Undergrad: 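After the structure tokens below, expect a handful of questions from me.
For clarity, every value in this text was computed on a predicted model and none was experimentally measured.
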Amino acid sequence: MVCRSLAWTFVFPLALSFLLLDSFANTQAKGGISVAIESPPSGLSTPDSSAEGNPIRITINGGDLQSLGFTLIVFVNGLKWTSGTQNHASFIAPHAWPPSVHSIRAVVADGSGNNITASGASFLVYDPNSSELRELACKGFATSDREETQVGFDVEKWRDMRACLTAFAEKYKSSAAVFQLALIDEAEGLWEQAAQRFASAGAMGYQHAKGSAWLQHKIEELRQIQAEEKQKPSCSWRSFAQCSSADSQTCRDRESLQDVGIAPVLDQDEDADLYLSIIMVTRHDNTQFCQSPPDACLNRFRASISILLNLLAKHNLASDTELLLVEWNPCYVNSKQEEGACDPREDGYVSVEQMVKQLVIPPEAEGFQVRVLFVSEEEHDKLYNPYDFDLMEFIGKNVAARRARGQHLLFGNPDDVWAEELIARLAMRELKPDVFYSTFRGAVLDNVPVAKGASVRSLQRFVEERRESTEFQPQSVAHVAGNWRRAACLKGEEDDEPMRSESYGFFHDSAAGDFLLMSRRIIRAIRGYPEIPTNIMIDGTAIHAAAGHGFGQLVFAGACVIYHQPHPRSYNTKGSMISLQSYESLAQQLLSAKHVANHRPRSVEMKENQERVEEALPWHRWNDELWGLAASTIPQVILSPSCIASSVPHSAVR
């Protein structure tokens, strides 16, 4: 049975339906029949990914399959590939072998389907040109212990890949597997361990396409980074109940979990004692956004906020910035246990305060404040909510906007990673009070390794190696038409003339919920995001409300963009979408309303069957003077980093 033109389906990615037993590497015999996998040999590590370079050859000894009524069944990576009755089988894969630990299992079965004998082999295909961590399918050879999972510090596939490669390297002394393990160590901030593994791979004869000099330079670079990391101070988070100013020296320590402060409404110009307030809404829940894979939202939060805060400190913006995290209707104190969103969990739910203290790597910026604002289930239940949303993202952002200290307010999401160039531009403090700013949203191409040993440096390096810009992929009507104006990004660049128009299609509104920056003057003029009862496409309405009031738009582009970490979409479990046509109509109504855009009419005529005024409101004239729950008492907790200087002398850093 020699096959070269194959009609079978060769399936990738490669998922094993069985555990590859080491004993299968040697022939097993029963009743005189034995099976041997002659090629590829078990334990092979090869850079040759071609199908022709790695043929599968299987030999049956001790009897004739056809006369005995036996069948040879071949599995590749856990999937049944083919079967036959000849004693010598040779197969050529229909596709190249991707970088993976591949497994082959040959089984001889009788006419009743009972296994008579079996043999197995595993081999590693690797890319000798790769110098950055890429997912390498490696399942079934060995798996990690699920009990070792640490919420917020774990990406399952990297953990499984490490366990599998470790087992392969130990069994077969594979230099390629050791090299791949070194890449995982480097991505997770285990600098010295990575250096040792790179050195071991080289000593074992690993040949990288860039040569031995590159490998030696990599080892020296990692050891230098390790020395520099040891030089940094040790920082942790402290919780405060209340502070009398933006300076954490004025803060009062919390005496109990019930000891919280109140976030005051700050509407006056003199309340703006900081340059920038960054505003996000988040919580730990049971939606697919958070739980696919399990608790992945905490991993993204760790990467996003750790990189953001440390970049603010690096560019001397932390002293003039605050981060406001709005925890809306949180699951850990939710009495209703909303189906699908706050289902009971054995491990419970984590509060946003815990998320910051346990997951976020503190910046070297004592005095910087993270303010966690709490919107309770009781406040949520007071809202007009006909579509039964359990989280109101944009009302939550308005809650923070009414209580922010910044001259400029930046609305974002805790699953994006901001480019360092964007932070550097904001640190120049050249934002215009009559202009609102958007940006393009690129993509982080893989899950960021957020292991417990990770550092901001390792998180940021991984994102910079595994990101993709979408600036030149049209994402909005204005983008397609070229109707957008560029904000200065790099030093020496100048802003375009801001875009102003009374027509839809002239404002870049793609992913506006991930990044929208405007001054206090603008946010007060438009009364925040329209608080209409949906979360879908509301991000762009604030842009058109601001444009209706006569403010201009500039768009950060080029290097000054954000990158979105991968996750499934989630509309907070419940709720109703508005159509694109309805959104475009609403956007035009906001533009046409001009200085009353998003301002509730002084009188609203209600129909006889309407019980609430919101039922009679036009969506482009929605918010009243109490937008952002201004009449509500909003508790807050303040967190600030506390650092202890390193005891490692500077002379230890080369």
Undergrad: Within the distance-only criterion (no hydrogens, no angle test), does the side chain of T439 pair as donor or acceptor with the backbone N or O of F556 below 3.5 angstrom?
TA: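 Yes, the answer is positive, given that a donor and an acceptor are paired below the 3.5 Å cut-off.
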Undergrad: Apply the test side chain to side chain contact (heavy atoms under 4.5 Å, CB included) to residues I307 and W418: give CA-CA distance (whole Å), side-chain angles for both, the deciding distance (0.1 Å), then the verdict.
TA: CA-CA 8 Å; I307 292 174; W418 299 6; over 6 Å; no
Undergrad: Do any N or O atoms from the side chain of E327 and from the backbone of V352 form a donor-acceptor pair under 3.5 angstrom?
TA: yes
Undergrad: Measuring only between side-chain heavy atoms, which start at C-beta, is M280 closer than 4.5 Å to E393?
TA: no
Undergrad: Go through it in stages, so that I can follow the logic: the residues are R162 and D185, the test is salt bridge (Lys or Arg N to Asp or Glu O under 4.0 Å), and I'd like the CA-CA distance, side-chain angles, deciding distance and then a yes or no.
TA: CA-CA 9 Å; R162 178 187 287 280; D185 290 337; 2.8 Å; yes
Undergrad: With sequence neighbours excluded, tell me which residues meet ring pair (Phe, Tyr, Trp, His ring centres under 6.0 Å) with H564.
TA: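 With sequence neighbours excluded, H564 shows a ring pair (Phe, Tyr, Trp, His ring centres under 6.0 Å) to H567, given in chain and number order.
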Undergrad: Is the H508-F440 ring centre distance short of 6.0 angstrom?
TA: yes
Undergrad: Check whether S42 reaches the backbone of S122 with its side chain - one donor and one acceptor, N or O, closer than 3.5 Å.
TA: yes
Undergrad: Begin with the C-alpha distance, continue with both residues' side-chain angles, and end with the deciding distance and a verdict on side chain to side chain contact (heavy atoms under 4.5 Å, CB included) for L359 and V450.
TA: CA-CA 9 Å; L359 303 179; V450 291; over 6 Å; no
Undergrad: So, does W81 use its side chain to make a donor-acceptor pair with the main chain of I104 at under 3.5 Å?
TA: no
Undergrad: More than 12 heavy atoms of other residues, nucleotides or ligands under 6.0 Å from CD of Q66: is that the case?
TA: no
Undergrad: Any chance CD of E192 has more than 12 other-residue heavy atoms, nucleotides or ligands included, within less than 6.0 Å?
TA: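 Enclosed: over 12 neighbouring heavy atoms sit under 6.0 Å from CD of E192.
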Undergrad: Under a 4.5 Å cut-off applied to non-hydrogen side-chain atoms, are I60 and F70 in contact?
TA: no
Undergrad: Would you check if the side chain of D295 reaches a backbone N or O of L298 as a donor-acceptor pair within less than 3.5 Å?
TA: no
Undergrad: Would you confirm whether N310, through its side chain, and I361, through its main-chain N or O, come within 3.5 Å as a donor-acceptor pair?
TA: yes
Undergrad: Scan N77, V76, L44 and name whichever one has a side chain to side chain contact (heavy atoms under 4.5 Å, CB included) with H102.
TA: N77
Undergrad: Which residue in the set R467, Q460, R461 passes side chain to side chain donor-acceptor pair (under 3.5 Å) when paired with E464?
TA: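 It is Q460, the one option of R467, Q460, R461 that forms the side chain to side chain donor-acceptor pair (under 3.5 Å) with E464.
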Undergrad: In this structure, which one of F168, Y206, F179 forms a ring-ring contact (aromatic ring centres under 6.0 Å, His included) with Y126?
TA: Y206
Undergrad: Are the side chain of R283 and the backbone of C331 linked by a donor-acceptor contact shorter than 3.5 Å?
TA: no
Undergrad: Verify, without hydrogens or angle tests, whether N114 (side chain) and D110 (backbone) share a donor-acceptor contact under 3.5 angstrom.
TA: no
Undergrad: W191: which residues meet the ring pair (Phe, Tyr, Trp, His ring centres under 6.0 Å) condition with it, sequence neighbours left out?
TA: none
Undergrad: Within the distance-only criterion (no hydrogens, no angle test), does the side chain of Q565 pair as donor or acceptor with the backbone N or O of R300 below 3.5 angstrom?
TA: yes
